[in-house]
Protein chains: 2
Amino acid sequence: MIPNYILIKDKLDRMMVSGELPVGAKLPSEPELAASFGVSRETLRAALKQLEQEGKLRCRNGVGRFVIRPLHSIPSSIDKLGSTSEMIHASGLQETEVQESVRIDRCQQEWAENLSLEEGDDVIVIERVRKANDDPVSFNINVLPHGIVGMAFARRPLQGSLMTFLEEECSIRLVSAMSEVIVPAAKDLHAKKLRVSPEATVLLLKQTHFDEDNRPVLFSYDYYRNDVFKFWVRRSR
Amino acid sequence: MIPNYILIKDKLDRMMVSGELPVGAKLPSEPELAASFGVSRETLRAALKQLEQEGKLRCRNGVGRFVIRPLHSIPSSIDKLGSTSEMIHASGLQETEVQESVRIDRCQQEWAENLSLEEGDDVIVIERVRKANDDPVSFNINVLPHGIVGMAFARRPLQGSLMTFLEEECSIRLVSAMSEVIVPAAKDLHAKKLRVSPEATVLLLKQTHFDEDNRPVLFSYDYYRNDVFKFWVRRSR
DNA sequence: CAGTGGTCTAGACCACCGC
DNA sequence: CGGTGGTCTAGACCACTGC
């Protein structure tokens, strides 16, 4: 069941796309709009609030609401959390090969700090090289607490997206991440493997992923070739 | 005048910090909470919605609301738009020197695309080198349409933050930006100047800044030494 | 001043969940 | 089933804006 304020939001959205509400136009007042949609003012306001949050409306107190120039949405925005497979797909590439290794290891200091573990605790470490047309395009190291996912790995070997594996086998939904954007040092061995040409610069994301309760579940080093992947960020005040 | 729902939000926020509402705790039901604050249910819900958006509460339909582990906020999060001076300050550095040049130039293709101009139109180009302890730490190229800011520059020379200059002299408030995160090529001349040591890797942000109506006002190339500045991004589904 | 959006209320119905 | 949050209403008062 889709609530009414979402339907109204979509309707207004379509009117802005179609040109019925062009950029710069002033919307009718709240009471007028509410009447025209046959809903209460608060319901209408809920719809308008959505559009405001999406950056499509500007509200000026005591004046009115105005349609503003929509920002063309970027496909591979870094704000959106997704699996590497999704990123490769979004870049229009075909994932031709994945080399993978899974092992149990002792927790290092950096992992412990980010996963709320103690140094030396058991962790699962997954390393993956992704190739497109036989060229390596990405290298990932994933570290997970053994206590959370150890049993699941014994039950079924990992295949495909780690995110969906965690959902299906562990009922863990990764919903957010804090990522540090890093230019790896010249001598970084993992980065070196991806620098297949002078143009192939490499970006590193050091990421801590959280579940719905903001518990850290996955720490990862993700190396991406910057000549293959583009990274966009939306910034706001 | 601070609205009631903000006051209630802050009150709940303090209760979570103080430990009165520890992580994992279930909040009283909405009617109970509303009664205890002496407000209507909708007002209380407005407060709760704020906390949910800030990632401090998890709502489970038909069950209740729960306090979740707060994510330690990162000081220099890239999501937050700020001037370079602010970034330097946030990194605990002292800006010791700024070298600056301002000129009128013809618009190049990349600038035209991002600023909704035509190639060859007049633009103002500002270049700045920022130093801390005599070391260069950042290099910026800012491009602005002459039509928007030309007069202001004739009136008063730029000094200090470009953002505040635009606000005070042009009544233009920059509120958002779309930024591409790039690892500059080895041969990039601007990046080279910042690579003062093997550890001094360099990150480039190509940014288009928008005003309150989402009009593009400023296009910039911002080079930062990654051994001096850290870049964090919050990602979510 | 009149019109706008921002806040707030008291009450209602519903979908969802755990028992 | 009873309790939870999600939606919705009709009406009210206020602060802000432009005239």
Side-chain angles (χ1 to χ4, degrees), chain A residues 1-13 15-16 21 24-68 167 171 173 175 211-214 237, chain B residues 1-13 15-16 21 24-68 167 171 173 175 211-214 237:
Chain A
M1 192 58 187
I2 299 166
N4 216 338
Y5 71 96
I6 296 289
L7 296 176
I8 292 174
K9 186 218 114 187
D10 290 340
K11 213 172 290 185
L12 287 167
D13 219 342
M15 289 168 75
M16 294 194 291
L21 285 173
K26 179 178 178 304
L27 261 62
S29 74
E30 292 184 1
E32 281 180 88
L33 267 181
S36 81
F37 283 117
V39 297
S40 77
R41 205 185 131 205
E42 283 296 347
T43 302
L44 173 82
R45 278 175 60 79
L48 294 176
K49 198 169 279 183
Q50 297 274 321
L51 290 167
E52 196 189 340
Q53 280 193 314
E54 292 176 20
K56 293 167 180 169
L57 282 185
R58 175 176 174 193
C59 306
R60 289 206 277 168
N61 199 330
V63 183
R65 300 185 130 97
F66 299 85
V67 181
I68 59 180
E167 279 188 33
S171 306
R173 224 177 102 79
V175 296
D211 72 0
E212 287 171 313
D213 290 336
N214 286 352
R237 275 243 184 136
Chain B
M1 192 58 188
I2 299 166
N4 216 336
Y5 72 97
I6 296 289
L7 296 175
I8 292 174
K9 186 218 113 187
D10 289 340
K11 215 171 288 183
L12 287 167
D13 218 342
M15 288 168 75
M16 295 194 291
L21 284 173
K26 179 178 178 306
L27 261 62
S29 73
E30 292 183 1
E32 281 180 87
L33 267 181
S36 82
F37 283 117
V39 297
S40 76
R41 206 185 133 207
E42 284 295 347
T43 302
L44 173 82
R45 279 175 59 78
L48 294 176
K49 198 168 280 186
Q50 298 274 320
L51 290 167
E52 196 191 339
Q53 281 193 314
E54 291 177 20
K56 292 166 180 169
L57 282 185
R58 174 177 175 191
C59 306
R60 289 205 276 168
N61 200 328
V63 184
R65 299 185 131 97
F66 300 84
V67 181
I68 60 180
E167 278 187 34
S171 306
R173 224 177 102 78
V175 295
D211 71 359
E212 287 171 311
D213 291 335
N214 286 352
R237 273 243 185 135

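Everything numeric here is computed off the predicted structure, so don't read it as measured data. Proteins get letters first, then strands, A, B, ... in listed order; numbering begins at 1 in each.
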Trainee: On DNA chain D, compare the nucleotides closest to B:Pro31 and B:Met1; which residue's is nearer the 5' end?
Mentor: B:Pro31

Trainee: Look at the side chain of B:Arg60 and the base of C:dG18, then say whether one donor and one acceptor between them are separated by less than 3.5 Å.
Mentor: no

Trainee: Using the side-chain hydrogen bond (donor to acceptor under 3.5 Å, both in side chains) criterion, which residues pair with A:Lys9? Sequence neighbours excluded.
Mentor: A:Glu54

Trainee: Could you state the atom-to-atom distance from NZ of B:Lys26 to P of C:dG18 in whole Å?
Mentor: 12 Å

Trainee: Starting from the 5' end of DNA chain C, give me the residue, A:Gly62 or A:Glu42, whose nearest nucleotide shows up first.
Mentor: A:Gly62

Trainee: Evaluate side chain to side chain contact (heavy atoms under 4.5 Å, CB included) for B:Leu12 paired with B:Leu57, printing each intermediate quantity in order.
Mentor: CA-CA 11 Å; B:Leu12 287 167; B:Leu57 282 185; 6.0 Å; no

Trainee: Would you please confirm or rule out a distance under 4.0 Å between OP1 or OP2 of C:dT7 and any side-chain N or O of B:Tyr5?
Mentor: yes

Trainee: How far does CZ of B:Arg45 sit from CG of B:Leu33, to the nearest 0.5 angstrom?
Mentor: 12.0 Å

Trainee: Which is true for A:Arg65 with a 4.0 Å heavy-atom rule: it touches a base, it touches only sugar-phosphate, or it touches nothing?
Mentor: sugar-phosphate

Trainee: Quick check on D:dA10: is either OP1 or OP2 less than 4.0 Å from any side-chain nitrogen or oxygen of A:Arg41?
Mentor: no

Trainee: Quick one: pull up CD1 in A:Ile68 and CE in A:Met16 and give me the separation to the nearest 0.5 Å.
Mentor: 9.0 Å

Trainee: Phosphate oxygens OP1/OP2 of D:dC8: is one of them under 4.0 Å from a side-chain N or O of A:Ser40?
Mentor: no

Trainee: Listed in order of residue number, which residues of residues 46-56 of chain A have a non-hydrogen atom at under 4.0 Å from DNA chain C?
Mentor: none

